[in-house]
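Computed over heavy atoms, backbone and side chain alike; hydrogens, waters and symmetry mates excluded. In listed order, ligands and their atoms are each counted from 1.
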Amino acid sequence: MCGIVGYKGKRQAAAIIIDSLKRLEYRGYDSAGIAIFNGKAIEVHKEKGRIIDLEKVIPDISGTVGIGHTRWATHGRPNKINAHPHTSGDIAVVHNGIIENYQQLKERLSQSGYNFVSETDTEVLAHLINYYHKSDLIEAVLSALKEIKGSYAIAVLCGNELVAARKDSPLIIGLGEGENFVASDIPAILKYTRKVIFLNDLEVAYVDQDRVTFFDTEKREIEKKVNTIEWNLEAAEKSGYEHFMLKEIHEQPRALHDTFAGRIYELEGNIVFDGLKLTESRIKDISRISIIACGTSYNAGFLGKYLFEQLSGIHVDVEIASEFRYAHSSPGSLVIAISQSGETADTLAALREAKSSGCRTLAITNVTGSTITREVESVIYTRSGPEIGVAATKTFISQLAVLYLLALYFGKIRGKISQDRMKRMLVSLKHIPAQITRLLNDKEMIIKFASVFKSSNDFFFIGRTLNYPIALEGALKLKEISYIHAEGYAAGELKHGPLALITQNTPVVAIATKGLTYDKVVNNIKEVKAREAPVLAIADEKDSEIEKYVDSVIRVPTTEEIFSPVLSTVVVQLLSYYIAKARNCPIDQPRNLAKSVTVE
Ligand code: M6R
């Protein structure tokens, strides 16, 4: 996720672009840049860090047309060279999205004499547009985009011409008086105009000072509706959602789509990882995996244990990072550190400890260039985009997605998964984002349950096997944002102690999706019902039996048993959110907690 801005009008472009980029920093902030046409040529200025760092290095540039970018790195480290805009001859491009076939295009363009200076996928686009550019910029952009696989929102500058286009990444056009704007999101331009046109996939806009013209992929002109935005700036930053957490929960289909981009080839039954430096023979030799992480990332790792054990036949120990170094445990031959921020001190300390024992290391993180990425052999990025809410949501879902892919990939190499099974599983996995969207469109029951039980002092989340980590995550989410005491329990363990706490005042959320232990979970539900606990079940949409045993049911779409925890996750996130909202809690910044914990 990155932020892009374009301007053409009567005022000095640089100041407006910088101001607009500042409002998009929630989309990325590892580096930034602008390109301005100064009447003779395009001037490009870039800097590592935030917009404020870029501002310090920009000279006085005179020019009334330009583009800008704030980056959240996916391909290539966050540095000045990889920062956008990327240029090729007289073309400058800013891009948000992922170009999946950039390696193939890069090879082809290199053979045609194009010189690549960055590690980004975007530079391919600049060269490709240059390659097709004879006299008509729109035609060049359309020809280039026809060759792109993946997602993009782009703004292209060539002399004083400005063109914008999108596919699977957001882009809007703002209409002013004698000036027009391009932006990734409404807050960027709300100060200048409230008249907005939403670009649809595969549409292209030619942005002039007094007019914006829209085209389809065949360069046929199209009519677009002008919308008037009524939101204030604060609401606009959250895209109209009341909290960043809710916005980020809703971004999960998009986040998963990006995590999968360029990695899943379901027709061939293949998975491809860019940052994995483990050869097939090393993967075959892995004797044991240790996963180290904290908090929500630990819960993701815990599900990872089940996945690696079931799909690739490798034994996994999951270790709480802050305990690992004092437990004197000997790490497995592969250590996987999971950290959204890549900066968590406990995880780093545990990783260093494991490294000193000579094991191979792999990190799963969301932040390119973070400390953890510099200390491991292999990095797999979750590509969720920046997460502002302290409670991890979309980054958790993306961590799960990476773990599924890794476990499947290892399983195939180790001969545990046939090509046919792989294809089927990848098809099911690719359906998950759309299934999450369905869940997000039907929150009524969750909101109702939240309002009935908002005043409870204690909650239990129970599940077995694959659902147990999600029970832990549900309890963690509820604790941190609603301040209600909650326990995540393996459902079969209740009778060994905690059942003594169950009364009519302890609501129980039972994850009871269909699968190996379904009947056992139903028995556990009966145990708590016998103690008069109100029970909410998270169950399969086709399960017509479960309502006999519980008070309320939230249905999740049917998928393979192994993928159902992803869908149940969304339910426990929403449940926690709506309970916290009903209690008027400061959801995005819970008391005593920080987004990144950099002390041990
Ligand atoms: O950045 P990390 O993933 O390493 O952070 C670990 C935990 O601090 C984090 O997951 C925390 O538990 C979440 N904010 C909870 O929602």
Donor-acceptor pair between R464 and N524 side chains, under 3.5 angstrom: yes
Pair K448 + E444: basic N to acidic O under 4.0 Å: no
Atom 4 (O) of ligand 1 - nearest protein heavy atom and its distance: T344 OG1, 2.4 Å
Proximal ligand 1 atoms for A391, defined as those under 4.0 Å from one of its heavy atoms: 16 (O)
Contacting atoms of ligand 1, where contact means under 4.0 angstrom from a heavy atom of Q340: 1 (O), 2 (P), 3 (O), 4 (O)
Minimum non-hydrogen distance to atom 14 (N) of ligand 1, winning option of T296, I481, V390: V390
Any N/O pair K477/ligand 1 closer than 3.5 Å: yes
E343 touching ligand 1 at heavy-atom level, < 4.0 angstrom: no
T395 and E387: side chain donor to acceptor below 3.5 Å: yes
Numbered atoms of ligand 1 (with element) below 4.0 Å of E480, judged on heavy atoms: 15 (C), 16 (O)
salt_bridge(D185, R23) N-O dist < 4.0 Å: no
CA sep, side-chain torsions, deciding dist, call: T259, S398, side-chain hydrogen bond (donor to acceptor under 3.5 Å, both in side chains): CA-CA 6 Å; T259 311; S398 296; 3.2 Å; yes
Carboxylate-amine/guanidinium contact E377 K277, below 4.0 Å: no
Top protein contact for atom 8 (O) of ligand 1, by heavy-atom distance: V597 CG2, 4.1 Å
Atom 7 (C) of ligand 1 - nearest protein heavy atom and its distance: C294 O, 3.7 Å
The one among S297, A321, S341, P590 that brings a heavy atom closest to atom 1 (O) of ligand 1: S341
Parallel, tilted or perpendicular, as decided by the 30° and 60° cut-offs, for the rings of Y409 and F273: perpendicular
